[in-house]
Amino acid sequence: MSKQNSTRPVPQDQNKLIAQRREKLAQWRASGQAFPNDFRRDRLAAELHRRFGNRTIEELDEAAVPVKVAGRMIGKRVMGKASFAHLQDMSGRIQLFLRRDELPAEIYQQFKSWDVGDIIGAEGHVYKTQAGELSVRVSSIRLLTKSLRPLPEKYHGLADQEARYRQRYVDLIVNENTRRTFILRGRIIQSIRAAFNDRGFLEVETPMMQPIPGGAAARPFITHHNALDVDLYLRIAPELYLKRLVVGGFEKVYEINRNFRNEGVSTRHNPEFTMLEFYQAYADYHDLMDLTEELLRRLAAEVLDTQQLHYQGEDIDLRRPFARCTVRTAILEYNPQLSAAQLDDREAACSVAQHLDIDVQPHWGLGKLQLEIFEKTTEHRLRQPTFVTEYPKEVSPLARPKDGDPFVTERFELIIGGREIANGFSELNDADDQAERFRAQAAGKEAGDEEAMFYDADFIRALEYGLPPTAGEGIGIDRLVMLFTDAPSIRDVLLFPALRQ
RNA sequence: GGGCCGUUAGCUCAGCUGGUAGAGCAUCGGACUUUUAAUCCGCUGGUCCUAGGUUCGAACCCUAGACGGCCCA
């Protein structure tokens with residue numbers, strides 16, 4: 001296909017197929033209103049299958065239930081004086097059965113000239129064919145919208161990845177699996193809302209445009225507000241605003257919305273992606289791990305009707321208790337050649353990292369080195385659901401230090417299929433400690449670390465009013481949907497993934 | 001940012017060692033009153049991603065670029 005001119009006007013009648021359809025539309029226009037909007041359907045395809053699918057031919061003939069259906073004609077088989085067509089609506093497909101002699105004069109001739117892809121409305125009664133397929137036996141039928149462009153071939157559908165992403169509307173028309181993925185995505189989000197509402201959480205919305213981007217280590221997008229004449233950042237996380245709400249007394253809050261990170265695109269990264277974040281006062285990271293485990297089981301049961309997932313050829317069982325280990329013990333378990341002493345000494349860890357081809361930066365401390373070693377050697381090997389805990393304080397500037405071991409924090413990540421699904425921790429609610437951590441981050445930024453955090457004075461002020469002991473967590477919705485829909489790329493779970501123009 | 005692969009009819013794809021491009025489906029015309037990848041007969045349909053270059057001659061070889069896929073950073 002032509003890639004460069006997607007924003008330029010395309011020449012009309014650029015090929016014969018479109019020209020033929022335009023000619024049909026021109027004739028249709030000449031005969032009256034070509035785009036009528038007064039047809040009302042009273043059934044969806046799935047409803048017909050559900051209610052009448054197991055009735056016999058005789059029962060259906062006897063009842064002769066009148067129905068009106070509408071949708072896109074996705075198949076058409078003309079056999080002379082009788083025809084079959086398939087109509088696709090939001091819920092599924094239903095076959096139409098038409099006989100010339102049962103339709104008003106001329107209508108059957110018109111129907112024969114309509115094209116696969118046209119939007120039609122049909123009225124008739126519920127019927128079952130000799131082959132046993134539930135159908136609507138049509139007594140009248142109308143063309144509601146002429147389709148000017150031919151659909152992809154019915155058997156192979158649309159296979160070209162680029163076309164599927166750029167023209168998602170076509171992908172959705174012809175690829176059942178694509179429809180299924182996005183229906184499932186909607187259900188997952190619906191179930192998440194239900195789960196949090198049931199637990200007494202309040203759904204909130206916090207700024208997407210922030211004067212100080214915070215809550216994560218990432219490069220932000222910058223935009224400008226003309227009237228106020230200020231630069232604003234698209235948020236990289238809602239975290240600092242949600243914690244302000246807990247200070248305000250909303251002790252259980254959650255938000256499902258978009259985050260933006262100005263980084264590369266890959267099968268796991270899109271510049272805008274959807275995140276669930278939630279905060280619960282009077283809880284700690286252990287409580288959140290328990291909650292997360294229950295949440296995933298509930299979602300799977302509600303949405304997939306099973307707790308055994310199949311992801312890219314791998315079985316992932318949510319029924320078994322999720323494994324729990326620390327960053328340090330996980331590294332040692334998966335790297336038997338390493339000793340604890342090598343992980344606990346900066347010079348030794350630095351040498352280990354360099355041998356792993358990690359591009360070690362001089363300002364990295366032991367905590368950052370441990371994290372890099374973990375990500376390089378261990379994370380991708382954690383296939384079954386695993387909570388990895390006790391991330392170093394150095395790489396967790398918003399997390400509460402662990403009592404008795406202040407080198408690490410009360411933080412965890414949930415890894416499934418080698419990928420981070422969730423990240424949560426007991427929140428740092430010591431305003432002075434947080435101010436100190438922000439200063440360290442700001443110093444890192446000065447030194448050239450583009451992902452380091454800004455000092456957010458208002459957030460410190462909020463903490464000074466008192467944040468109750470709180471735990472908070474973020475769950476990447478896109479990655480969760482990938483897992484549940486067996487999608488190899490994040491682009492497969494985004495309706496309109498980011499692509500070059 | 002790097003490596004590998006890809007881009008040919010509306011769609012899915014062939015196209016050998018460089019000799020002027022093919023199939024299936026769809027479309028169009030015809031037949032057909034229970035088909036469902038309907039069937040049968042006949043006919044259409046091309047910016048071979050773009051721009052240069054090599055060559056008597058380029059879909060094919062070379063260079064640069066665009067877009068996409070996968071992997072790595």
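First the proteins, then the strands, lettered A, B, ... as listed; each starts at 1. All values reported here derive from a predicted model rather than from experimental measurement.
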Legend entry - A:L17 CG - B:rG46 C1' separation (whole Å): 13 Å
Legend entry - Proximity to the side chain of A:Y165 - top-ranked nucleotide from B:rU36, B:rC67, B:rG69: B:rG69
Legend entry - Nucleotide nearest A:N15 (side chain, heavy atoms from C-beta), chosen from B:rG10, B:rG68, B:rU12: B:rG10
Legend entry - side-chain hydrogen bond (donor to acceptor under 3.5 Å, both in side chains) contacts touching residues 381-392 of chain A (sequence neighbours left out): A:E314-A:R383, A:E390-A:K402, A:Y391-A:E413
Legend entry - Nearest-neighbour nucleotide for the A:Q130 side chain, B:rU35, B:rG45, B:rU34 considered: B:rU34
Inset, instruction - Measure from NE2 on A:H380 to C1' on B:rA73 and round the result to the nearest Å. - result: 15 Å
Inset, instruction - Could you measure between the two C1' atoms, the one in B:rC5 and the one in B:rG30, and give it in whole Å? - result: 46 Å
Inset, instruction - Would you tell me whether A:T326 and A:T329 have side-chain atoms, one donor and one acceptor, within less than 3.5 Å of each other? - result: yes
Inset, instruction - Determine the sole option in A:V493, A:V303, A:L483 for which the side chain to side chain contact (heavy atoms under 4.5 Å, CB included) test with A:I188 is passed. - result: A:V303
Inset, instruction - Could you list by number each residue of residues 171-179 of chain A showing a heavy-atom separation from RNA chain B of less than 4.0 Å, or answer none if no residue does? - result: none
Inset, instruction - Using a strict cut-off of less than 4.0 Å between a Lys/Arg side-chain nitrogen and an Asp/Glu carboxylate oxygen, indicate whether A:E176 and A:R180 qualify as a salt bridge. - result: no
Inset, instruction - Send over the distance from A:I18 CD1 to B:rC28 C1', rounded to a whole Å. - result: 16 Å
Inset, instruction - Check whether any side-chain N or O of A:R491 sits under 4.0 Å from OP1 or OP2 of B:rG69, and answer yes or no. - result: yes
Inset, instruction - Report yes or no: is the cationic atom of A:K445 (NZ for Lys, CZ for Arg) closer than 6.0 Å to the six-membered ring centre of A:F454, at no more than 45° off its axis? - result: yes
Inset, instruction - For A:F182, enumerate each residue passing the ring pair (Phe, Tyr, Trp, His ring centres under 6.0 Å) test, keeping only those at least two apart in sequence or located in another chain. - result: none
Inset, instruction - Name the closest nucleotide to the A:L499 side chain, picking from B:rU33, B:rG45, B:rG68. - result: B:rG68
Legend entry - Nearest-Å distance for atom pair CD/P, residues A:E162 and B:rC11: 12 Å
Legend entry - Salt-bridge criterion met for A:K24 and A:D115 (N-O under 4.0 Å): yes
Legend entry - Nucleic acid contacts - residues 94-116 of chain A versus RNA chain B, non-hydrogen atoms under 4.0 Å: A:Q95, A:F97, A:R99, A:D101, A:D115
Inset, instruction - Report yes if a side-chain nitrogen or oxygen of A:K128 is closer than 4.0 Å to either non-bridging phosphate oxygen (OP1 or OP2) of B:rU34; otherwise report no. - result: no
Inset, instruction - Please report the C-alpha distance between A:V481 and A:D492 in whole Å, then the side-chain angles of each, then the deciding distance to 0.1 Å, and finally whether the side-chain contact (heavy atoms from CB on, under 4.5 Å) criterion is met. - result: CA-CA 10 Å; A:V481 176; A:D492 296 320; over 6 Å; no
Legend entry - Candidate nucleotides B:rG10, B:rU35, B:rC67, ranked by approach to the side chain of A:R500 - the nearest: B:rC67
Inset, instruction - For B:rA59 and B:rG6, measure between their C1' atoms and round to the nearest Å. - result: 14 Å
Inset, instruction - Sort out the partner of B:rG1 for me: Watson-Crick or G-U wobble, both distances under 3.5 Å, none otherwise. - result: B:rC72
Legend entry - Closest to side chain of A:E133, choosing from B:rU34, B:rU36, B:rU44: B:rU36
Legend entry - Residue pair A:Q167 / A:R149, side-chain donor-acceptor N/O under 3.5 Å: no
Legend entry - Distance in angstrom units between A:L158 CG and B:rG68 C1', rounded: 13 Å
Inset, instruction - Indicate, with a heavy-atom threshold strictly under 4.0 Å, whether A:T267 touches base, sugar-phosphate, or nothing. - result: sugar-phosphate
Inset, instruction - Would you mind pulling out the nucleotide paired to B:rA51, Watson-Crick or G-U wobble, both distances under 3.5 Å? - result: B:rU63
Legend entry - Test: A:D449 and A:K368 ion pair at under 4.0 Å: no
Inset, instruction - Considering only atom P, compute the distance from B:rG53 to B:rC70 and round it to an integer number of Å. - result: 35 Å
Only distances under 3.5 Å count here; give the side-chain donor-acceptor pairs of residues 50-72 of chain A to other protein atoms, sequence neighbours excluded, each with its distance to 0.1 Å.
from: A:T56; atom 1: OG1; to: A:E59; atom 2: N; distance (Å): 3.0
from: A:E59; atom 1: OE1; to: A:T56; atom 2: N; distance (Å): 2.9
from: A:R72; atom 1: NH1; to: A:G117; atom 2: O; distance (Å): 2.8

Inset, instruction - Go ahead and name the base partner of B:rU39; Watson-Crick or wobble counts if both distances stay under 3.5 Å, otherwise write none. - result: B:rA31
Polar atom pairs between nucleotides 23-25 of chain B and protein, under 3.5 Å, N or O only, would you list them?
none

Inset, instruction - Keeping to residues at least two apart or across chains, list the ring pair (Phe, Tyr, Trp, His ring centres under 6.0 Å) pairs with something in residues 116-175 of chain A. - result: A:F97-A:Y127
Inset, instruction - Would you kindly give the CG-to-C1' distance between A:L148 and B:rA26, to the nearest whole Å? - result: 16 Å
Inset, instruction - Enumerate the residues from residues 65-75 of chain A whose closest heavy atom to RNA chain B is under 4.0 Å, giving them by residue number; use none for an empty result. - result: none
Inset, instruction - Would you kindly give the CD1-to-C1' distance between A:I490 and B:rG68, to the nearest whole Å? - result: 18 Å
Inset, instruction - Without swapping roles, check the side chain of A:D478 against the backbone of A:T274 for a donor-acceptor pair under 3.5 Å. - result: yes
Legend entry - Partner residues of A:F387 under the ring pair (Phe, Tyr, Trp, His ring centres under 6.0 Å) criterion, sequence neighbours left out: A:F322, A:F412
Legend entry - Interatomic distance at P, B:rC25 relative to B:rG68, whole Å: 33 Å
Legend entry - B:rG10 versus B:rU54 - spacing of their C1' atoms, nearest Å: 35 Å
Legend entry - G-U wobble or Watson-Crick pairing nucleotide for B:rC56 (cut-off 3.5 Å, both distances): B:rG19
Inset, instruction - For A:K24, answer base if it contacts any base atom (sugar-phosphate contacts may also be present), sugar-phosphate if it contacts only those atoms, and nothing otherwise; contact means non-hydrogen atoms under 4.0 Å. - result: sugar-phosphate
Inset, instruction - Taking atom P in both B:rC11 and B:rG46, compute the distance separating them and give it to the nearest angstrom. - result: 13 Å
Legend entry - Partners passing ring pair (Phe, Tyr, Trp, His ring centres under 6.0 Å) against A:Y311 (at least two apart in sequence or in another chain): none
Set out, line by line, the N/O atom pairs under 3.5 Å between protein and nucleotides 39-41 of chain B.
none

Inset, instruction - Using the C1' atom on both, measure B:rU33 against B:rC48 and round to a whole Å. - result: 45 Å
Legend entry - Selection from B:rC70, B:rG45, B:rU36 that lies nearest to any side-chain heavy atom of A:S489: B:rC70
Inset, instruction - May I ask which nucleotide in the shown strands pairs with B:rG10, Watson-Crick or G-U wobble, both distances under 3.5 Å? - result: B:rC25
Legend entry - A:A82 or A:P150, whichever maps to the more 5' nucleotide of RNA chain B: A:P150
Inset, instruction - Enumerate the residue pairs fulfilling ring pair (Phe, Tyr, Trp, His ring centres under 6.0 Å) with a member in residues 325-347 of chain A, sequence neighbours excluded, ordered by first and then second residue. - result: none
Inset, instruction - Taking atom P in both B:rA23 and B:rG42, compute the distance separating them and give it to the nearest angstrom. - result: 13 Å
Inset, instruction - Using atom NZ of A:K76 as one end and atom C1' of B:rA37 as the other, report the distance to the nearest whole Å. - result: 17 Å
Inset, instruction - Answer yes or no: does a side-chain N or O of A:R77 lie under 4.0 Å from OP1 or OP2 of B:rU35? - result: no
